[in-house]
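Encoded as structure tokens, the structure appears first; notes follow it.
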Protein chains: 2
Amino acid sequence: MATARDTAWEEHALEMLGEAGYRRGGARTAVVEALAHHDCAVTALELEEDLRRDEAPVGRASIYRALERLEELGLLQRFEAARGIASYERVNPSGHHHHHAICRRCGRIEPFEDRSLERAIERVSAAVPFEIAEHDVTLRGLCKSCAD
Amino acid sequence: MATARDTAWEEHALEMLGEAGYRRGGARTAVVEALAHHDCAVTALELEEDLRRDEAPVGRASIYRALERLEELGLLQRFEAARGIASYERVNPSGHHHHHAICRRCGRIEPFEDRSLERAIERVSAAVPFEIAEHDVTLRGLCKSCAD
DNA sequence: ATGACTGCAAAGCCTTTGCACGCAA
DNA sequence: TTGCGTGCAAAGGCTTTGCAGTCAT
């Protein structure tokens, strides 16, 4: 579902791409703009549809390639919402983010955030023998509609 | 990597399958036994290899079908360790479990557990408008070897 | 005996790759 | 001008499905 356009992220992303030596091709720019409209989990195919609807169709391969670059640069986080399907989400430069509760039956995604959960994760991340760059928490079960 | 055989889980799983009305076919039983040897993330293809090595080869489709049943019954938890590849892990009836730190570069998986992280997750699970049945936390970054 | 279980092969599906053309710098 | 970026189509790789034979009960 599309939300208000996050131009701050969009500009930041384009700038980072430039700094990393990438050119500003039409497809890449279009994918960045499409992502700017999603606050939460979007799939590559949903972005493709968004772009086609906006009369700015982009080849599927270019979408995947753009997502790959953005993820490498830490501008996007990838995770699996539905079985076998990758979802992407913008990474806010401020570090502020949320996690997800996902319905097993209908796939509905409910984002949530919790400071103390974040603190616990930060503590654990520091304790583990890894240089942790990101984390992801997923809660799975039934949403209210599906639980009845 | 294989670890000591968890016969408690193995018996529990077979019993639950029986109670759910499933027959004790050879393939299904073999998959359950193979799973009993893994404390942490195993993929369907790794199980297939284990079984073939043990001279008890099981058709790939049967492995996937067995994993599906076990997951439905809550005896197994599925998650994505490597990109696009499903990993499975036994669910201990006691509720005791761990989470994972995964290396972006080499794929190494380091399990960890943390009581206060679990508490934070339980609290959040109760606050969200879902009937949460399971959760999963993944930390991603570079392991010591890959960070150098 | 009967329907669940199994294995093989084929099909599905998301994602990636090969390649020739177009475009940013 | 140069080689990165793009699109199309084909290939990949994990997972699922169809179907006929087999086995548990």
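Residues Glu118(B) and His97(B) bring a donor and an acceptor atom of their side chains to less than 3.5 Å of each other.
Whole-Å rounding puts the Arg24(A) CZ to dT6(D) C1' distance at 17 Å. Atom C1' of nucleotide dG7(D) and atom CG of Leu51(A) are separated by 14 Å, given to the nearest angstrom. Atom CD1 in Ile63(B) sits about 13 Å away from atom P in dC14(D), given to the nearest Å. A straight line from CG of Leu17(B) to C1' of dT25(D) spans 16 Å, rounded to a whole angstrom. Atoms CG (Leu70(B)) and C1' (dC5(C)) sit 14 Å apart, rounded to a whole Å. Taking atom CD of Glu48(A) as the reference point, atom C1' of dC14(C) lies 12 Å away to the nearest angstrom. Rounded to whole angstrom, the span from the CG atom of Leu47(B) across to the P atom of dC14(D) amounts to 14 Å. One interatomic measurement links the two molecules: OH of Tyr22(B) to P of dG3(C), which rounds to 18 Å at whole-angstrom precision.
Looking at heavy-atom distances under 4.0 Å, Arg23(B) makes contact with a base.
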Exercise for review: Carefully, step by step, assess Arg140(A) and Asp136(B) under the rule salt bridge (charged side-chain N to carboxylate O under 4.0 Å, His left out).
Suggested key: CA-CA 8 Å; Arg140(A) 292 183 194 275; Asp136(B) 146 56; 5.5 Å; no

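Ion pair Arg24(A)/Glu15(A) not flagged as a salt bridge, since none of the NZ, NE, NH1 or NH2 atoms sits closer than 4.0 Å to an Asp/Glu carboxylate oxygen. Salt-bridge formation is not detected for the pair Glu71(B)/Arg69(B): no Lys NZ or Arg NE/NH1/NH2 atom is positioned less than 4.0 Å from an Asp or Glu carboxylate oxygen. We find that Asp6(A) and Arg90(A) are joined by a salt bridge, their nearest charged nitrogen and carboxylate oxygen being less than 4.0 Å apart.
The six-membered or imidazole ring of His96(B) lies away from that of His98(B), with a centre-to-centre distance of 6.0 Å or more.
Fit an axis to the five pairs at each end of the helix from dA1(C)-dT25(D) to dA25(C)-dT1(D) and the two axes sit 40° apart, to the nearest 10 degrees.
Side-chain atoms of Arg78(A) and Glu89(A), non-hydrogen and from C-beta on, never get closer than 4.5 Å to each other. In this structure the side chain of Ser116(A) never reaches within 4.5 angstrom of the side chain of Arg119(B), judged on heavy atoms. Counting only heavy atoms from C-beta outward, the side chains of Val124(A) and Phe112(B) approach each other to under 4.5 Å.
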Would you tabulate the pairs of protein nitrogen or oxygen atoms and nucleotide nitrogen or oxygen atoms of nucleotides 15-19 of chain C closer than 3.5 angstrom?
unit_1	atom_1	unit_2	atom_2	d
dT15(C)	OP1	Ala86(A)	N	2.8
dT15(C)	OP2	Tyr64(A)	OH	2.4
dT15(C)	O5'	Tyr64(A)	OH	3.3

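At the phosphate of dG5(D), neither OP1 nor OP2 sits under 4.0 Å from any side-chain N or O atom of Ser62(A).
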